[in-house]
There are 2 protein chains.
Amino acid sequence: MTVTADDIVAFGSRYDPQPMHTDAEAAARGPFGALVASGWHIAALTVRAFVEAGGYGSTPVVGLGIDELRWLKPVRAGDVITVHREIVELRRSASNPGHGIVKTRVTVRNQAGEAVMSLLTAGRVPTR
Amino acid sequence: MTVTADDIVAFGSRYDPQPMHTDAEAAARGPFGALVASGWHIAALTVRAFVEAGGYGSTPVVGLGIDELRWLKPVRAGDVITVHREIVELRRSASNPGHGIVKTRVTVRNQAGEAVMSLLTAGRVPTR
(Lines give C-alpha, C1' and ligand atoms only; values in the text may rest on other atoms or scores of the structure.)
Protein backbone atom coordinates (compact mmCIF):
# COMPACT_ATOMS: atom_id res chain seq x y z
CA MET A 1 0.00 0.00 0.00
CA THR A 2 1.16 3.53 -0.72
CA VAL A 3 0.65 5.76 2.31
CA THR A 4 -0.25 9.18 0.92
CA ALA A 5 -0.07 12.57 2.62
CA ASP A 6 -3.87 12.74 2.41
CA ASP A 7 -4.18 9.36 4.17
CA ILE A 8 -1.76 10.46 6.90
CA VAL A 9 -3.63 13.72 7.53
CA ALA A 10 -7.07 12.04 7.40
CA PHE A 11 -6.16 9.50 10.09
CA GLY A 12 -4.11 11.99 12.10
CA SER A 13 -6.84 14.64 12.14
CA ARG A 14 -9.38 12.14 13.37
CA TYR A 15 -7.41 9.99 15.82
CA ASP A 16 -3.91 11.38 16.56
CA PRO A 17 -4.07 15.15 16.01
CA GLN A 18 -0.43 16.00 16.64
CA PRO A 19 1.06 18.48 14.09
CA MET A 20 3.55 15.87 12.80
CA HIS A 21 0.54 13.86 11.55
CA THR A 22 -1.82 16.65 10.47
CA ASP A 23 0.08 19.62 9.01
CA ALA A 24 2.99 19.30 6.54
CA GLU A 25 4.32 22.76 7.36
CA ALA A 26 4.30 22.27 11.14
CA ALA A 27 5.63 18.71 10.66
CA ALA A 28 8.71 20.17 8.93
CA ARG A 29 9.62 21.72 12.31
CA GLY A 30 8.70 18.55 14.23
CA PRO A 31 10.69 15.51 15.38
CA PHE A 32 10.95 13.95 11.89
CA GLY A 33 11.28 17.10 9.76
CA ALA A 34 8.30 16.01 7.66
CA LEU A 35 4.81 14.58 7.82
CA VAL A 36 4.85 11.03 9.23
CA ALA A 37 2.01 8.55 9.71
CA SER A 38 0.62 7.94 13.18
CA GLY A 39 1.86 4.56 14.33
CA TRP A 40 -1.76 3.64 14.99
CA HIS A 41 -2.54 4.43 11.37
CA ILE A 42 0.05 1.87 10.24
CA ALA A 43 -1.45 -0.64 12.66
CA ALA A 44 -4.95 0.04 11.25
CA LEU A 45 -3.68 -0.39 7.68
CA THR A 46 -2.26 -3.83 8.54
CA VAL A 47 -5.72 -4.85 9.76
CA ARG A 48 -7.31 -3.65 6.53
CA ALA A 49 -4.69 -5.47 4.45
CA PHE A 50 -5.49 -8.67 6.33
CA VAL A 51 -9.26 -8.40 5.95
CA GLU A 52 -9.07 -7.34 2.30
CA ALA A 53 -6.66 -10.16 1.47
CA GLY A 54 -9.30 -12.65 2.57
CA GLY A 55 -7.75 -13.46 5.93
CA TYR A 56 -9.55 -16.55 7.10
CA GLY A 57 -12.32 -16.25 4.50
CA SER A 58 -15.67 -15.24 5.97
CA THR A 59 -14.64 -16.50 9.43
CA PRO A 60 -14.83 -13.57 11.83
CA VAL A 61 -11.65 -12.90 13.80
CA VAL A 62 -12.18 -11.40 17.23
CA GLY A 63 -9.04 -9.63 18.39
CA LEU A 64 -7.99 -10.69 21.89
CA GLY A 65 -4.75 -8.80 22.26
CA ILE A 66 -1.45 -7.49 20.93
CA ASP A 67 2.03 -7.95 22.34
CA GLU A 68 5.43 -6.51 21.55
CA LEU A 69 4.14 -3.87 19.13
CA ARG A 70 7.16 -1.80 18.05
CA TRP A 71 7.26 1.22 15.78
CA LEU A 72 10.76 0.85 14.35
CA LYS A 73 10.99 3.53 11.64
CA PRO A 74 8.82 6.47 10.62
CA VAL A 75 6.50 6.07 7.61
CA ARG A 76 6.52 9.19 5.43
CA ALA A 77 4.13 10.38 2.74
CA GLY A 78 4.66 8.32 -0.40
CA ASP A 79 6.20 5.33 1.37
CA VAL A 80 5.01 1.95 0.11
CA ILE A 81 4.45 -0.61 2.85
CA THR A 82 4.04 -4.37 2.66
CA VAL A 83 2.52 -6.49 5.41
CA HIS A 84 3.94 -9.94 6.19
CA ARG A 85 1.91 -12.17 8.50
CA GLU A 86 2.98 -15.57 9.79
CA ILE A 87 0.87 -17.91 11.93
CA VAL A 88 3.04 -18.78 14.92
CA GLU A 89 0.52 -20.65 17.08
CA LEU A 90 -2.83 -22.33 16.54
CA ARG A 91 -4.67 -24.14 19.29
CA ARG A 92 -8.14 -24.96 20.57
CA SER A 93 -9.34 -22.68 23.38
CA ALA A 94 -9.14 -24.46 26.75
CA SER A 95 -12.05 -22.46 28.19
CA ASN A 96 -14.25 -22.67 25.08
CA PRO A 97 -13.58 -25.70 22.82
CA GLY A 98 -15.85 -24.22 20.13
CA HIS A 99 -13.18 -21.62 19.53
CA GLY A 100 -9.56 -21.61 18.49
CA ILE A 101 -6.80 -19.13 19.28
CA VAL A 102 -4.61 -17.98 16.40
CA LYS A 103 -1.40 -16.10 17.07
CA THR A 104 0.43 -14.33 14.28
CA ARG A 105 3.61 -12.33 13.93
CA VAL A 106 3.16 -9.28 11.73
CA THR A 107 6.04 -7.38 10.15
CA VAL A 108 5.49 -4.25 8.05
CA ARG A 109 8.28 -3.22 5.68
CA ASN A 110 8.82 -0.11 3.59
CA GLN A 111 9.95 0.09 -0.05
CA ALA A 112 13.59 -0.19 1.09
CA GLY A 113 12.80 -3.48 2.84
CA GLU A 114 13.27 -1.94 6.29
CA ALA A 115 10.94 -3.15 9.04
CA VAL A 116 8.83 -0.16 10.15
CA MET A 117 6.52 -1.97 12.57
CA SER A 118 6.25 -5.42 14.14
CA LEU A 119 3.77 -6.99 16.52
CA LEU A 120 2.26 -10.23 17.75
CA THR A 121 -1.51 -10.71 17.53
CA ALA A 122 -3.85 -13.09 19.33
CA GLY A 123 -7.29 -13.67 17.84
CA ARG A 124 -10.24 -15.94 18.41
CA VAL A 125 -11.95 -17.83 15.58
CA PRO A 126 -14.75 -20.41 15.65
CA THR A 127 -13.54 -23.98 15.08
CA ARG A 128 -14.85 -26.06 12.18
CA MET B 1 -16.67 9.60 24.72
CA THR B 2 -19.83 8.11 23.29
CA VAL B 3 -19.02 5.57 20.58
CA THR B 4 -21.81 5.88 18.03
CA ALA B 5 -22.90 3.41 15.36
CA ASP B 6 -21.75 5.94 12.74
CA ASP B 7 -18.29 6.12 14.33
CA ILE B 8 -18.05 2.31 14.46
CA VAL B 9 -19.02 1.93 10.81
CA ALA B 10 -16.76 4.82 9.66
CA PHE B 11 -13.67 3.29 11.27
CA GLY B 12 -14.64 -0.26 10.39
CA SER B 13 -15.30 0.53 6.73
CA ARG B 14 -11.93 2.19 6.36
CA TYR B 15 -9.64 0.00 8.49
CA ASP B 16 -11.33 -3.22 9.70
CA PRO B 17 -14.03 -4.08 7.17
CA GLN B 18 -15.50 -7.16 8.87
CA PRO B 19 -19.34 -7.23 8.90
CA MET B 20 -19.47 -7.02 12.73
CA HIS B 21 -17.93 -3.54 12.41
CA THR B 22 -19.57 -2.26 9.22
CA ASP B 23 -23.15 -3.53 8.89
CA ALA B 24 -25.66 -3.59 11.74
CA GLU B 25 -27.83 -6.22 10.04
CA ALA B 26 -24.96 -8.63 9.31
CA ALA B 27 -23.50 -7.90 12.76
CA ALA B 28 -26.73 -9.20 14.32
CA ARG B 29 -25.75 -12.63 12.94
CA GLY B 30 -22.09 -12.23 13.97
CA PRO B 31 -20.11 -13.23 17.07
CA PHE B 32 -21.56 -10.46 19.29
CA GLY B 33 -25.13 -10.33 17.94
CA ALA B 34 -24.76 -6.60 17.24
CA LEU B 35 -22.46 -3.96 15.83
CA VAL B 36 -19.25 -3.70 17.89
CA ALA B 37 -16.32 -1.34 17.53
CA SER B 38 -13.06 -2.60 16.04
CA GLY B 39 -10.57 -2.98 18.87
CA TRP B 40 -8.22 -0.78 16.85
CA HIS B 41 -10.90 1.90 16.80
CA ILE B 42 -10.97 1.93 20.60
CA ALA B 43 -7.17 2.13 20.63
CA ALA B 44 -7.28 5.08 18.20
CA LEU B 45 -9.89 6.87 20.35
CA THR B 46 -7.62 6.59 23.41
CA VAL B 47 -4.87 8.31 21.43
CA ARG B 48 -7.23 11.13 20.44
CA ALA B 49 -8.43 11.52 24.04
CA PHE B 50 -4.82 11.87 25.17
CA VAL B 51 -3.87 14.45 22.53
CA GLU B 52 -7.08 16.45 22.96
CA ALA B 53 -6.72 16.48 26.74
CA GLY B 54 -3.43 18.30 26.35
CA GLY B 55 -1.20 15.30 27.00
CA TYR B 56 2.24 16.74 27.57
CA GLY B 57 1.31 20.19 26.22
CA SER B 58 2.90 20.96 22.85
CA THR B 59 5.65 18.39 23.46
CA PRO B 60 5.46 15.83 20.65
CA VAL B 61 5.18 12.21 21.79
CA VAL B 62 6.74 9.67 19.46
CA GLY B 63 5.24 6.24 20.03
CA LEU B 64 7.88 3.55 20.49
CA GLY B 65 5.74 0.57 21.30
CA ILE B 66 2.81 -1.10 23.00
CA ASP B 67 2.77 -4.12 25.26
CA GLU B 68 0.07 -6.26 26.81
CA LEU B 69 -2.79 -4.74 24.82
CA ARG B 70 -5.95 -6.66 25.75
CA TRP B 71 -9.46 -6.26 24.39
CA LEU B 72 -11.47 -7.38 27.40
CA LYS B 73 -15.09 -6.61 26.48
CA PRO B 74 -16.86 -5.57 23.29
CA VAL B 75 -17.79 -1.89 22.83
CA ARG B 76 -21.26 -1.53 21.32
CA ALA B 77 -22.97 1.42 19.65
CA GLY B 78 -23.96 3.97 22.30
CA ASP B 79 -21.42 2.84 24.88
CA VAL B 80 -19.68 5.65 26.73
CA ILE B 81 -15.98 5.04 27.33
CA THR B 82 -13.56 6.76 29.67
CA VAL B 83 -9.77 6.60 29.33
CA HIS B 84 -7.57 6.38 32.42
CA ARG B 85 -3.83 6.89 31.92
CA GLU B 86 -1.18 6.54 34.60
CA ILE B 87 2.54 7.25 34.17
CA VAL B 88 4.31 4.12 35.40
CA GLU B 89 7.90 4.92 34.37
CA LEU B 90 9.83 8.05 33.40
CA ARG B 91 13.53 7.98 32.62
CA ARG B 92 16.20 9.61 30.50
CA SER B 93 17.07 7.66 27.34
CA ALA B 94 20.42 5.87 27.75
CA SER B 95 21.20 6.05 24.04
CA ASN B 96 20.04 9.64 23.55
CA PRO B 97 20.19 11.81 26.69
CA GLY B 98 18.24 14.59 24.91
CA HIS B 99 15.18 12.37 25.10
CA GLY B 100 13.15 10.76 27.82
CA ILE B 101 11.10 7.58 27.78
CA VAL B 102 7.60 7.73 29.27
CA LYS B 103 5.68 4.55 29.97
CA THR B 104 1.99 4.66 30.78
CA ARG B 105 -0.69 2.16 31.67
CA VAL B 106 -3.96 2.86 29.90
CA THR B 107 -7.30 1.43 30.99
CA VAL B 108 -10.52 2.10 29.08
CA ARG B 109 -13.80 1.58 30.92
CA ASN B 110 -17.40 1.57 29.75
CA GLN B 111 -20.40 3.25 31.39
CA ALA B 112 -20.79 0.24 33.72
CA GLY B 113 -17.21 0.72 34.95
CA GLU B 114 -16.04 -2.47 33.24
CA ALA B 115 -12.56 -2.45 31.72
CA VAL B 116 -12.94 -2.92 27.95
CA MET B 117 -9.28 -2.44 26.96
CA SER B 118 -5.94 -2.13 28.69
CA LEU B 119 -2.41 -1.60 27.41
CA LEU B 120 1.05 -0.33 28.27
CA THR B 121 2.58 2.40 26.10
CA ALA B 122 6.18 3.51 25.64
CA GLY B 123 6.81 6.93 24.13
CA ARG B 124 9.74 9.24 23.53
CA VAL B 125 9.64 12.92 24.45
CA PRO B 126 12.38 15.58 24.29
CA THR B 127 13.85 16.45 27.71
CA ARG B 128 13.71 20.02 29.04
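Keep in mind that what you see is a predicted model, and the values were worked out from it rather than measured. Lettering follows sequence order; numbering is per chain, from 1.
- Options A/Asp16, A/Leu119, A/Val61 differ in how many heavy-atom pairs under 4.5 Å they form with chain B, and the most are formed by A/Val61.
- In terms of heavy-atom pairs under 4.5 angstrom with chain A, the leader among B/Thr46, B/Leu72, B/Val47 is B/Val47.
- Cluster annotation: A/Ile42 and B/Leu64 are assigned to distinct hydrophobic clusters (Ile/Leu/Val/Met/Phe/Trp/Tyr, side-chain heavy-atom contacts under 4.5 Å, transitive).
- Contact annotation for B/Phe32: only side-chain heavy atoms (C-beta onward) come within less than 4.5 Å of a heavy atom of chain A.
- Hydrophobic clustering of Ile, Leu, Val, Met, Phe, Trp and Tyr side chains at less than 4.5 Å, counting indirect connections, unites B/Val125 with B/Ile87.
- Distance check: A/Leu120 CG to B/Leu69 CG gives 12.5 Å after rounding to the nearest 0.5 Å.
- Shortest non-hydrogen contact noted between A/Trp71 and B/Gly65 is CE3-N, 3.7 Å.
- Rounded to the nearest 0.5 angstrom, B/Ile66 CD1 and A/Glu68 CD are separated by 13.0 Å.
- Considering only heavy-atom pairs separated by less than 4.5 Å from chain B, the leading option among A/Arg14, A/Glu52, A/His41 is A/Arg14.
- Hydrophobic clustering, with ILVMFWY side chains joined whenever heavy atoms are under 4.5 angstrom apart, keeps A/Met20 apart from A/Ile81.
- B/Trp40 and A/Ile8 fall within the same hydrophobic cluster, defined by Ile, Leu, Val, Met, Phe, Trp and Tyr side-chain heavy atoms under 4.5 Å apart, directly or through other members.
- Judged purely by atom type and a 3.5 angstrom limit, A/Gln18 has no side-chain atom pairing as donor or acceptor with the backbone of B/Val51.
- Interface remark: B/Ala122 contributes no atoms to any contact with chain A (heavy atom separation under 4.5 Å).
- Among the candidates A/Val36, A/Val62, A/Leu45, the residue making the largest number of heavy-atom pairs closer than 4.5 Å to chain B is A/Val62.
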